[in-house]
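A short worksheet on the structure shown next.
Chain letters run A, B, ... following the sequence lines, proteins first and then strands; every chain starts at 1.
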Amino acid sequence: MIGVAVTVRVQRGDFDLAAEVAALSAGRHDIGAVVTFCGLCRDEAGTLSALELEHYPGMAEAEITRICNEAVARFDLQAATAVHRYGKILPGENIVLVVTASPHRQAAFDGANFIMDFLKTAAPFWKKEHAADGSAGGWVSAKDEDDSARDRWSE
Amino acid sequence: MIGVAVTVRVQRGDFDLAAEVAALSAGRHDIGAVVTFCGLCRDEAGTLSALELEHYPGMAEAEITRICNEAVARFDLQAATAVHRYGKILPGENIVLVVTASPHRQAAFDGANFIMDFLKTAAPFWKKEHAADGSAGGWVSAKDEDDSARDRWSE
Amino acid sequence: MASVNLVYFAWVRERIGRAEETLELPESVVTAGDLLAYLKTLGEEYEAALEHENVIRVAINQEHVDHGEKIAGAREIALFPPMTGG
Amino acid sequence: MASVNLVYFAWVRERIGRAEETLELPESVVTAGDLLAYLKTLGEEYEAALEHENVIRVAINQEHVDHGEKIAGAREIALFPPMTGG
């Protein structure tokens, strides 16, 4: 795993997909596949005006780094980047970015998929919904299907 | 599937990842996940100087469109884009791009993965290798593992 | 008595009514689970926040732990609901 | 005799020595498989290109077909090796 670059950032502002991919692959001639995942804020058919993302500073970065390192070790990854935003996020805006690089396409797909499944269930972030009609939004509940998605990696 | 945008292009020049993602998601507030796959030319530890990609004009576009439409119908995709290059491609350069959008992350991952598996085995492209030492390169052989990757979708 | 920094997030934070505090814990509080039980004796706000103990996640020094984990040596203990990021 | 446009790609093209041609086919050529067998009678270059018939892929009017497919009505028939794009 010499030369494996794991980049993790937790930030309020947006990220630049192309810049993150370029940073991870620039000058390399040994990468065969780059997979990116962007998670975006949906307006839930117009009922949602914004998401408010709270996080645990310090642990958020540490936990995402642990997840990325595990993905690098488990799959044949040459690099992994994860950027997660916090604060108020509007419909159509980005929430999270994961980028993986590998010599082989399935490893790049699996690595990004694995990182997202663990990021959803283990990275200390919490979403609060703001309703479009001004009524009190609430904290988003954790989904059983997210736990199932995570658990398939230990089957 | 009203409003599902399938974009397919076969071109000699490079593509712009960010522009393709923006074109597919611009102005929409209903997308929850965008997955991109970039396939790149590897230098095979310095032994490869270039790939020459031959394609079947007309059928290449038609076949990739069929594959994308099948992915849209099979998964919960809101949009799919595929761009495949032909001609001489150097190590580190892009060969193929697939972008999928869905309300849900696993569908976006599966859609892109599905499109790549079928694109590898059914889209009429052929790669010829040019060796770095000037020796005669040869046509790349189809891999059994690519057939296996495709066949898992019909299990 | 051991002194520990406690941090709370999301609806745990909202229900307790503060984001962090430093508490002196009695010697009888050995595990993360003991801590949750102890906090519930401190007032209604803690009872409301920690009512369903089994869903409360605990991190010691910014790493996830089970409720059975011993808290000795903890600089910072965080309590929060199941994560919903990504 | 039916006239059909044939197109070849990759090493099939290289071995046959041309990218396309128009041939008049005898009535006995009914399926794609018949076409492969017929072409192999036309010379060494065809024999070399189509030696391992089972790996040769056939497309009629730009759609993949099995070797058993009938070629009646074909405007364009393509012969090529297994694909290696992506």
Side-chain angles (χ1 to χ4, degrees), chain A residues 16-22 24-49 78 90-106 108-117 119-120 132 143 145-146 148-149 152, chain B residues 16-22 24-49 78 90-106 108-117 119-120 132 143 145-146 148-149 152:
Chain A
D16 181 332
L17 170 65
E20 299 299 337
V21 170
L24 166 148
S25 57
R28 297 186 68 150
H29 292 171
D30 58 344
I31 294 174
V34 174
V35 167
T36 76
F37 176 91
C38 283
L40 296 96
C41 176
R42 286 175 300 167
D43 68 357
E44 307 294 354
T47 63
L48 185 95
S49 69
Q78 296 165 312
L90 303 179
E93 291 189 349
N94 292 314
I95 298 172
V96 61
L97 171 69
V98 169
V99 187
T100 54
S102 166
H104 306 292
R105 75 181 184 284
Q106 196 55 48
F109 272 122
D110 288 345
N113 210 333
F114 175 97
I115 290 170
M116 276 307 303
D117 281 348
L119 202 149
K120 279 252 169 198
K143 293 192 204 109
E145 68 193 59
D146 286 332
S148 307
R152 70 193 159 130
Chain B
D16 181 333
L17 170 65
E20 299 299 339
V21 170
L24 167 147
S25 57
R28 297 186 68 149
H29 291 171
D30 58 344
I31 293 175
V34 175
V35 167
T36 75
F37 176 92
C38 283
L40 295 97
C41 176
R42 286 175 300 166
D43 68 357
E44 307 294 352
T47 63
L48 185 95
S49 69
Q78 295 165 312
L90 303 179
E93 290 188 350
N94 292 315
I95 299 172
V96 61
L97 171 68
V98 169
V99 186
T100 54
S102 167
H104 306 292
R105 75 181 182 286
Q106 196 54 49
F109 272 121
D110 288 345
N113 209 334
F114 175 97
I115 290 170
M116 276 307 304
D117 282 347
L119 200 149
K120 279 251 169 199
K143 294 192 202 108
E145 67 194 58
D146 287 332
S148 306
R152 69 192 160 130

Examine whether an atom of B:V21 lies under 4.5 Å from a heavy atom of chain A, and if so say whether it belongs to the side chain, the backbone or both; otherwise answer neither.
side chain
Measuring heavy-atom distances to chain A, does B:N94 have an atom under 4.5 Å in its side chain, in its backbone, in both, or in neither?
neither
Which atoms of [X] are under 4.5 Å from chain B, going by heavy atoms: the side chain, the backbone, both sets, or neither?
{"X": "A:D16", "answer": "neither"}
{"X": "A:Q106", "answer": "side chain"}
{"X": "A:A149", "answer": "side chain"}

Restricting to side-chain hydrogen bond (donor to acceptor under 3.5 Å, both in side chains), what partner residues turn up for A:E145, sequence neighbours left out?
none
With respect to chain A, which residue among [options] yields the maximal number of heavy-atom pairs within a distance under 4.5 Å?
{"options": "B:G46, B:P91, B:A19, B:A18", "result": "B:P91"}
{"options": "B:A112, B:S25, B:A108", "result": "B:A112"}
{"options": "B:I95, B:D117, B:L90", "result": "B:D117"}

Is any side-chain heavy atom of B:D146 closer than 4.5 Å to a side-chain heavy atom of A:R105?
yes
What pairs of donor and acceptor atoms, side-chain ones from residues 29-41 of chain A against any protein atom, are under 3.5 angstrom apart with sequence neighbours left out?
from: A:D30; atom 1: OD1; to: A:R28; atom 2: NE; distance (Å): 3.0
from: A:D30; atom 1: OD2; to: A:R28; atom 2: NH2; distance (Å): 3.0
from: A:T36; atom 1: OG1; to: B:T36; atom 2: OG1; distance (Å): 2.5

What's the spacing between A:D110 CG and B:F109 CZ if we round to 0.5 Å?
9.5 Å
Would you mind telling me which of A:P103, A:A45, A:G27, A:A26 has the largest number of heavy-atom pairs within less than 4.5 Å of chain B?
A:P103
When A:V99, A:D43, A:L17, A:N113 are compared by non-hydrogen pairs under 4.5 Å with chain B, the top option
A:N113
